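Being a predicted model, the structure only gives us computed values, none of them experimental. Just follow the structure's listing: the first ligand is 1, and inside any ligand the first atom is 1.
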Amino acid sequence: MRTIVVKDYVALSKCAAVIVAGQIMYKPDSVLGLPTGSTPEGTYKNLVDFYKEGLLDFSRVVTFNLDEYYGLGPQDKLSYHWYMHHHLFAHVNIDPKNVHIPNGLAEDVEAECRAYEEKIDRAGGIDLQLLGIGRNGHIGFNEPGTGFDTLTRMVRLTADTIAANARFFASPDQVPVQAISMGIKSIMKARRIVLLASGSGKAQAVRDMVLGAVTPEMPASVLQLHPDVTVIVDREAARLLD
Ligand code: F6R
């Protein structure tokens, strides 16, 4: 696990975007695994800027998002479909047929999850998986206690995650309590992983992920077992690493 500490959120966003841009430049048909949340917003903005400056071509890039709230459709402004469209896809030349996000309205959730894993495999697997981290150490919506052998499936969000995500909703009781999420095993199959964490609220989770025991109680600690992980943190999130 290599750790890059940068000054602040602005630097973190640029650093992550440069790494993703390099991936796309070296392999124009890269398969990217993408997160939502506050942390990658700046990264996506930089990628859009690189595209507008003519540095990047997304026409052959394939993407798979980590998760989607169960019960929210693509037109719902709180869905991760909408988030991705708003922050990235609407502003670059990605081919809509290369974009994959779990269907939060799927009637047969098991079939949806199975098909999602098959699509990742058929695309050749994920070249670069970008991740955020929850304050409780979750990656994707794999909450503490999740087995390391999990694939894409329906998950129940913990009270902590619902509270953390309530800022996007009118009130905490509107936050969906379930989501479809790629599993720990799905994430670990990626060839390269880049995890982003910003701010002092993530410092304990970052410390436990990098220096703590590898245990399902701290889902991100599994990344210690992956051969190619880069953790990009700003100084506040790196506060407890020394
Ligand atoms: C989002 C996701 C989550 C977030 C995590 C951090 O697709 O999978 O694991 O990465 O909850 O969220 P932020 O960046 O909002 O702190």
Is it true that [X] and [Y] have a side-chain N and a carboxylate O under 4.0 angstrom from each other?
| X | Y | value |
| --- | --- | --- |
| K119 | D121 | no |
| R2 | D228 | yes |
| K185 | D149 | no |

Hey, are [Y] and [X] close enough side-chain-wise for a donor-acceptor pair under 3.5 Å?
| X | Y | result |
| --- | --- | --- |
| N142 | R153 | yes |
| D160 | T158 | no |
| E117 | S186 | yes |
| Y116 | N103 | no |

[atom]: which protein heavy atom is closest, and how many Å away?
| atom | answer |
| --- | --- |
| atom 6 (C) of ligand 1 | I133 O, 3.4 Å |
| atom 9 (O) of ligand 1 | G140 O, 2.7 Å |
| atom 10 (O) of ligand 1 | G132 CA, 3.3 Å |
| atom 1 (C) of ligand 1 | T36 OG1, 3.2 Å |
| atom 16 (O) of ligand 1 | K202 NZ, 2.6 Å |
| atom 14 (O) of ligand 1 | T39 OG1, 2.4 Å |
| atom 5 (C) of ligand 1 | H138 NE2, 3.4 Å |
| atom 2 (C) of ligand 1 | D67 OD2, 3.4 Å |

Under 3.5 Å: N/O of I139 near N/O of ligand 1: no

N/O separation below 3.5 Å, N165 to ligand 1: no

Atom of T152, atom of C113 and distance for their closest heavy-atom approach: O-CB, 3.2 Å

Per-residue contact class, R167 against ligand 1 - non-hydrogen pairs under 4.0 Å: side chain

Residue that, paired with H86, satisfies ring pair (Phe, Tyr, Trp, His ring centres under 6.0 Å) out of Y83, W82, F89: W82

Distance under 4.0 Å to a non-hydrogen atom of [X]: what atoms of ligand 1 satisfy this?
| X | value |
| --- | --- |
| P35 | 7 (O) |
| L66 | 8 (O) |
| S38 | 13 (P), 14 (O), 15 (O) |

Ligand 1 contacted by R135 (non-hydrogen, < 4.0 Å): no

Ligand 1 contacted by E143 (non-hydrogen, < 4.0 Å): no

Parallel, tilted or perpendicular, as decided by the 30° and 60° cut-offs, for the rings of Y80 and F141: parallel

